[in-house]
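Below: one structure, written as structure tokens.
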Amino acid sequence: MGEGPILFSPGPYHILSYGTLLGTQVFHTFINSVASFKVLERPQFAILQRAVFPSYFGIQTAAPLLLALTYPGRTNILRGIDTPSSLAGVFHSSNRWSVLLPLGTVLATGLVNLAYLLPETNKVTALRRQQEKKDGKASYDAPPHSKEMAALNKKFGQLHGISSLLNLITLVATVIYGIDLSSRLD
């Protein structure tokens, strides 16, 4: 332990960043969203999700960058392992599948949700609210709906479905990275 205080090494920040990412994803996906959907009226649930999603997708986008920057290298003379820290370690040929791919996947899916799907979904939601006023009927009320509302509901469903799928891919990639990270614990 002659390298100096642990607080000046990337390890603690890497573990805390990973825990924040995984904890946020599990909590939001399986607890917060489910409970909120059950107890809030549809309009209030939509307001809550619109308020939470920018931070949530922001964490999914920023955390893999922080994880890459704080990636702790590994030296194990007995196993013949020597990988550098930080970005050089993430891009090291021995880490392409176990580190770079999962972190890159989390970054890409979080960024697509943040930069494209969230704004598009918000646009469709605003259009649905306008159409609700014209139709005198909520978008989530039982059919029949106007042609315009049916098209907006279909578009919303597509965007929401893609976003949900990307969120699950992000969660799986985060767990896969966590398995590799846990294999490094001696």
Discussion item. Is it the case that the side chain of Ser9 and the backbone of Ile6 share a donor-acceptor pair, with hydrogens and angles ignored and the cut-off at 3.5 Å?
Written reply: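 Flag set: sc Ser9 to bb Ile6 pair under 3.5 Å.
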Fill in: Check: Ser164 side chain, Gly161 main-chain N or O, donor-acceptor pair, under 3.5 Å
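No, the answer is negative, given that no donor and acceptor are paired below the 3.5 Å cut-off.
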So which heavy atom on [X] is nearest to which on [Y], and how close?
X	Y	value
Asp180	Ser183	O-OG, 2.6 Å
Asn95	Val90	CB-O, 3.8 Å
Pro102	Ala173	CB-O, 3.4 Å
Leu114	Pro54	CD1-O, 3.8 Å

Worksheet item: Have Ser139 and Gln131 got a donor and an acceptor in their side chains that come within less than 3.5 Å?
Response: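 There is no such pair (donor and acceptor under 3.5 Å, judged by atom type) between the side chains of Ser139 and Gln131.
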Fill in: Distance-only side-chain donor-acceptor flag, Asn153 / Tyr140, under 3.5 Å
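No pair is found: no donor N or O on one side chain lies under 3.5 Å from an acceptor on the other.
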Worksheet entry | Worked verdict on Leu87 versus Tyr71 for side-chain contact (heavy atoms from CB on, under 4.5 Å) | CA-CA 7 Å; Leu87 294 174; Tyr71 181 78; over 6 Å; no
Worksheet item: Checking side-chain contact (heavy atoms from CB on, under 4.5 Å) for the pair Asn122/Phe53: CA distance, chi angles, key distance, verdict?
Response: CA-CA 11 Å; Asn122 286 342; Phe53 276 140; over 6 Å; no
How would you list all residue pairs meeting salt bridge (charged side-chain N to carboxylate O under 4.0 Å, His left out) that involve [range], not counting sequence neighbours?
range	value
residues 26-50	none
residues 117-139	Glu120-Lys123
residues 55-73	none
residues 142-162	none

Worksheet entry | Set of residues satisfying side-chain contact (heavy atoms from CB on, under 4.5 Å) with respect to Leu165, sequence neighbours excluded |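 For Leu165 the side-chain contact (heavy atoms from CB on, under 4.5 Å) partners, ignoring immediate neighbours, are Ile169.
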Discussion item. Could you work out, with side-chain contact (heavy atoms from CB on, under 4.5 Å) as the rule, every residue matching Thr70, not counting sequence neighbours?
Written reply: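 If we apply the side-chain contact (heavy atoms from CB on, under 4.5 Å) test to Thr70, skipping adjacent residues, the hits are Pro10, Tyr13, His14, Leu66.
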Worksheet item: Measuring from Asn113:CG to Thr170:OG1, what's the distance to the nearest 0.5 Å?
Response: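 Output value for this atom pair is 6.5 Å.
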Practice prompt. Kindly state each residue pair satisfying ring pair (Phe, Tyr, Trp, His ring centres under 6.0 Å) with at least one member in residues 145-169, sequence neighbours excluded.
Written response: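 Matches after skipping sequence neighbours: Phe156-His160.
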Worksheet item: What pairs meet the ring pair (Phe, Tyr, Trp, His ring centres under 6.0 Å) rule with one or both residues in residues 92-135, with sequence neighbours excluded?
Response: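 For residues 92-135: none.
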Fill in: Phe37: partners by ring-ring contact (aromatic ring centres under 6.0 Å, His included), with sequence neighbours left out
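Once residues adjacent in sequence are excluded, the partners of Phe37 under the ring-ring contact (aromatic ring centres under 6.0 Å, His included) criterion are Phe45.
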Side-chain polar contacts of residues 55-63 - donor-acceptor pairs under 3.5 angstrom, sequence neighbours left out - could you list them?
from, atom 1, to, atom 2, distance (Å)
Tyr56, OH, Thr29, OG1, 3.3
Tyr56, OH, Gln60, NE2, 3.2
Tyr56, OH, Asn167, OD1, 2.6
Gln60, NE2, Asn167, OD1, 3.0
Thr61, OG1, Phe57, O, 2.8
Thr61, OG1, Gly110, O, 3.3
Thr61, OG1, Leu111, N, 3.3

Fill in: Minimum side-chain heavy-atom gap Leu166-Ser163 below 4.5 Å
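No; the side chains remain at least 4.5 Å from each other.
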Practice prompt. Verify the cluster assignment for Leu21 and Leu118: are they in a single hydrophobic cluster under the rule of side-chain heavy atoms below 4.5 Å apart?
Written response: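 Each belongs to a different hydrophobic cluster.
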Item to complete: List in chain and number order the residues that pass side-chain hydrogen bond (donor to acceptor under 3.5 Å, both in side chains) with Ser85, two or more places apart in sequence or in another chain; answer none if no residue qualifies.
Response: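 Testing Ser85 for side-chain hydrogen bond (donor to acceptor under 3.5 Å, both in side chains), a comparison that skips the adjacent residues, returns none.
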Fill in: Thr24: partners by side-chain hydrogen bond (donor to acceptor under 3.5 Å, both in side chains), with sequence neighbours left out
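side-chain hydrogen bond (donor to acceptor under 3.5 Å, both in side chains) check on Thr24 returns nothing, list empty.
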